[in-house]
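Chain letters run A, B, ... following the sequence lines, proteins first and then strands; every chain starts at 1.
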There are 2 protein chains.
Amino acid sequence: MTKKRQAYYTCSMEAALNVIGGKWKLTILNRLLTGPKRYGELHRSVTGITEKMLTQQLRELEEDQVIARTIYPVVPPRVEYAFTESGEKLSDVFKALEIWGSNFQHRINPISGNADHDKSCYVLKEEEQPGQLIHNP
Amino acid sequence: MTKKRQAYYTCSMEAALNVIGGKWKLTILNRLLTGPKRYGELHRSVTGITEKMLTQQLRELEEDQVIARTIYPVVPPRVEYAFTESGEKLSDVFKALEIWGSNFQHRINPISGNADHDKSCYVLKEEEQPGQLIHNP
DNA sequence: TTCGGTACGTACTTTTTTGTAAGAAATGCC
DNA sequence: GGCATTTCTTACAAAAAAGTACGTACCGAA
């Protein structure tokens, strides 16, 4: 394990940030919001991530009990990753990050109304149920 | 500036995470929740941070328009840091992080009911008004 | 004229995170 | 046997973040 992972924090927020921080974790978790995914699916879906990084981040998320790993004993191997109950509860964090980040982007970079870098990972439904997020098509 | 700071993101969440990520920013922002603070106050209050790091993080937060810097032209110098309007809106993010992180800590480390590392940075009031956080005494 | 207090800046080193490239296991199919 | 497929490992290298140590400016007071 490369990443130094603290066991204790003086602050719950820091603990949370440590779980979802890093270059790839939000993106990975984002992909899992639409349901369980295989390793290869994630690898294709998370553009630019290397296999080493993907494995490493998945291991850490698993260690933090945010996602669960299911191995199907077949050849070639089939491994699926899915949110745990605790991981699903992260949606409130995602939502808050998404809302604030969206405002932030528009403020910092208001000219880019239709550009690629302006799109959100998540869209909040109009008739929103608390805690629910749907993935951007 | 040491930190590589992206200008564009494919995801608002990533933009948000970039603003509050890093080793010290949540702690600094946490201190500012109780009102504007001077450089020296922050330095004493954020245990362990070096002057270089404090300055650097404050500069980045200022650049991201999360905090504002006010210089009083006196000798010796007096400089105050305070949330901007946008920074204040981060409280929703803090709250979500805090709630999830708190559950996370109890799950990961359930034995530590009264230890130091179990305490929160924030306490949510019983009769909570939306978006309001008060600092832990 | 040296000193103190405040808020930095800068060169350099160490630590941490991320990336590159290659290999390995398991097994059915040709 | 040799190959393809999938899910990882591992050793090594590069890049980024954080830490160390020291220096600067201001001006009034001693």
#### Entry: Proximal nucleotide (of C:dT18, D:dC8, D:dA18) relative to the B:Gln57 side chain
D:dA18

### Query
Can you find a side chain N or O atom of A:Arg69 that sits less than 4.0 Å from OP1 or OP2 on D:dC8?
yes

#### Entry: Contact under 4.0 Å: B:Arg38 side-chain N or O vs C:dA7 OP1/OP2
yes

### Query
Got A:Glu88 and A:Leu33 here, is their nearest side-chain heavy-atom distance under 4.5 Å?
no

### Task
Flag the pair B:Asp64 / B:Asn18 as yes when at least one side-chain heavy-atom distance between them is below 4.5 Å, and no otherwise.
no

### Query
Rounded to the Å, how far apart are B:Glu41 CD and C:dT6 P?
11 Å

#### Entry: Rounded distance (nearest 0.5 Å) linking atom CG of B:Leu17 with atom CZ of A:Phe94
10.0 Å

### Query
When you check the side-chain N and O atoms of B:Thr84 and B:Glu62, is any donor under 3.5 Å from an acceptor?
no

### Task
Please tell me which of B:Thr55 and A:Gly48 maps to the more 5' nucleotide of DNA chain C, matching each residue to the nucleotide holding its nearest heavy atom.
B:Thr55

### d(NZ, B:Lys52; C1', C:dT14) in whole Å
11 Å

### Message
Using whole Å, what does the distance between atom C1' of nucleotide D:dT20 and atom CD1 of B:Ile49 come to?
### Response
15 Å

#### Entry: Spacing between B:Met53 atom CE and D:dA17 atom P, to the nearest angstrom
10 Å

#### Entry: Length of the CD1-C1' vector between B:Ile20 and D:dA17, whole Å
17 Å

### Task
Rounded to the nearest angstrom, tell me the gap between atom CD in B:Glu51 and atom P in C:dT10.
15 Å

### Query
Hey, are the side chains of B:Asn30 and B:Val46 touching, using non-hydrogen atoms and a 4.5 Å cut-off?
no

#### Entry: Length of the line joining A:Gln56:CD and D:dA11:P, which is rounded to integer Å
14 Å

### Message
Working to the nearest 0.5 angstrom, can you tell me the gap between B:Ile28 CD1 and B:Glu60 CD?
### Response
9.5 Å

### Message
Could you tell me if A:Tyr81 and A:Thr70 have a donor-acceptor pair between their side chains, going purely by distance under 3.5 Å?
### Response
no

### Query
Step by step, would you call B:Val93 with B:Ile20 a side chain to side chain contact (heavy atoms under 4.5 Å, CB included)?
CA-CA 10 Å; B:Val93 176; B:Ile20 62 168; 4.0 Å; yes

### Message
Can you identify which nucleotide, out of C:dT20, D:dG19, C:dC8, has its nearest atom closest to the A:Thr50 side chain?
### Response
C:dT20

### Message
Output the rounded distance in Å from CZ (B:Arg59) to P (C:dT10).
### Response
11 Å

### Between the first and last five pairs of the helix from C:dT1-D:dA30 to C:dC30-D:dG1, the angle of the axes, rounded to 10 degrees
40°

#### Entry: Pairwise side-chain contact, A:Pro36 with A:Glu80, heavy-atom cut-off 4.5 Å (strictly under)
yes

### Query
In residues 71-84 of chain A, what residues come within less than 4.0 Å of DNA chain C, judged by heavy atoms?
A:Val75

